[in-house]
Chemist: 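One structure is given below, represented as structure tokens, and several questions about it will come after.
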Amino acid sequence: MRIEVLHGVNLDQLGRRDATHYGSLTLDQLQSQIETWGSELGLSTGFFQTNHEGAFVERLHALRGNADGLILNPGAWTHYAYAIHDALEIAGLPAVEVHLSDIGGRDAWRQLSVIRPLCFATVSGKGPEGYREGLELLNKELAG
Ligand code: DQA
């Protein structure tokens with residue numbers, strides 16, 4: 001099974017962002033940790049990050065039929081980017097939304113996730129471990 005892990009705007013800046021919310025790992029370090037967790041579950045992982053919403057949307061279009069499941073952390077786009085909601089619908093793949101920080105316990109504007117209705121699970125506030133949980137959830141979903 002192939003899982004695509006998509007990171008959106010500003011996630012390339014991990015390691016330089018507020019560590020109390022996002023921890024200290026860089027994106028490369030986080031991705032290599034996710035790859036290890038995936039292989040422990042027998043899942044192959046692919047990674048994509050962009051700061052351009054259109055590129056994120058086009059990646060979702062291209063994934064239809066080319067991945068078995070998705071983990072998405074779109075960053076701030078999570079809260080308002082309806083084009084990403086629609087592209088996720090077009091991708092038509094089982095998806096888990098993951099956030100490093102606890103978006104429910106932060107600013108009012110972070111409370112809404114426009115992609116949540118299209119994700120079968122959300123993991124928020126667990127740091128890098130949240131991605132391991134996301135992989136485990138996808139593994140169960142794909143096996144079931
Ligand atoms: C984030 C939470 C978002 O609110 C924020 O804009 C991010 C990262 C997270 O992983 O906690 O950039 O998605």
Side-chain angles (χ1 to χ4, degrees), residues 1-41 43-64 66-142:
M1 293 287 180
R2 183 176 185 282
I3 307 302
E4 177 90 355
V5 182
L6 295 168
H7 282 109
V9 62
N10 292 320
L11 273 307
D12 60 329
Q13 299 299 307
L14 288 177
R16 299 170 60 190
R17 297 187 70 180
D18 183 348
T20 57
H21 289 303
Y22 304 117
S24 54
L25 294 186
T26 64
L27 183 62
D28 279 350
Q29 290 167 336
L30 175 63
Q31 290 183 160
S32 111
Q33 180 65 81
I34 296 168
E35 189 176 25
T36 303
W37 286 328
S39 59
E40 284 166 8
L41 292 166
L43 300 169
S44 87
T45 41
F47 298 93
F48 182 77
Q49 189 279 330
T50 180
N51 292 320
H52 302 277
E53 187 181 339
F56 198 91
V57 162
E58 288 181 353
R59 183 69 171 189
L60 282 167
H61 294 169
L63 284 171
R64 192 187 170 98
N66 288 313
D68 299 296
L70 301 176
I71 288 182
L72 286 94
N73 182 351
W77 290 330
T78 304
H79 312 299
Y80 64 89
Y82 292 101
I84 290 176
H85 168 284
D86 287 355
L88 182 56
E89 190 168 54
I90 291 164
L93 293 166
V96 179
E97 173 188 12
V98 174
H99 300 283
L100 291 160
S101 67
D102 173 18
I103 57 173
R106 297 182 63 194
D107 321 76
W109 61 268
R110 294 184 207 269
Q111 306 304 308
L112 173 68
S113 163
V114 300
I115 61 165
R116 188 159 305 167
L118 296 172
C119 295
F120 74 86
T122 297
V123 185
S124 175
K126 298 189 175 173
E129 279 288 326
Y131 290 83
R132 192 214 287 259
E133 191 172 324
L135 288 168
E136 287 167 354
L137 290 164
L138 274 168
N139 200 31
K140 279 195 204 120
E141 180 81 4
L142 293 169

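Numbering of ligands and ligand atoms starts at 1, following listing order. Predicted, not measured: the structure shown is a model, and the values here were computed from it.
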Chemist: Among Phe47, Tyr131, Tyr22, which one satisfies ring pair (Phe, Tyr, Trp, His ring centres under 6.0 Å) with His7?
Modeler: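 One option only clears the test, and that one is Tyr131.
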Chemist: Could you check whether any side-chain N or O of Glu89 sits under 3.5 Å from a backbone N or O of Ile84, counting only pairs where one atom can act as donor and the other as acceptor?
Modeler: no
Chemist: Just checking, is any N or O donor in the side chain of Arg59 or Thr50 under 3.5 Å from an acceptor N or O on the other one?
Modeler: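 Their side chains do not contain a donor-acceptor pair, so the 3.5 Å distance test is not met.
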Chemist: List, for ligand 1, each N/O atom that has a protein N/O partner under 3.5 Å away, with both atom names and the distance.
Modeler:
from, atom 1, to, atom 2, distance (Å)
ligand 1, 4 (O), His79, NE2, 2.7
ligand 1, 4 (O), Arg110, NH1, 2.8
ligand 1, 6 (O), Ala76, N, 3.1
ligand 1, 6 (O), Arg110, NH1, 3.1
ligand 1, 10 (O), Asn73, ND2, 2.8
ligand 1, 10 (O), Leu100, N, 2.8
ligand 1, 11 (O), Leu100, N, 3.3
ligand 1, 11 (O), Ser101, N, 2.8
ligand 1, 11 (O), Ser101, OG, 2.6
ligand 1, 12 (O), Arg17, NH1, 3.0
ligand 1, 12 (O), Arg17, NH2, 3.1
ligand 1, 13 (O), Asn73, OD1, 2.7
ligand 1, 13 (O), His99, ND1, 2.8

Chemist: How about Trp77 and Phe56: are their ring centres within less than 6.0 Å of each other?
Modeler: yes
Chemist: Cut-off 3.5 Å, side chains only: do Ser113 and Glu97 have a donor facing an acceptor?
Modeler: yes
Chemist: Examine the side chains of Asp28 and Thr26 and answer whether a donor and an acceptor come within less than 3.5 Å of each other.
Modeler: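 No, no side-chain donor-acceptor contact under 3.5 Å.
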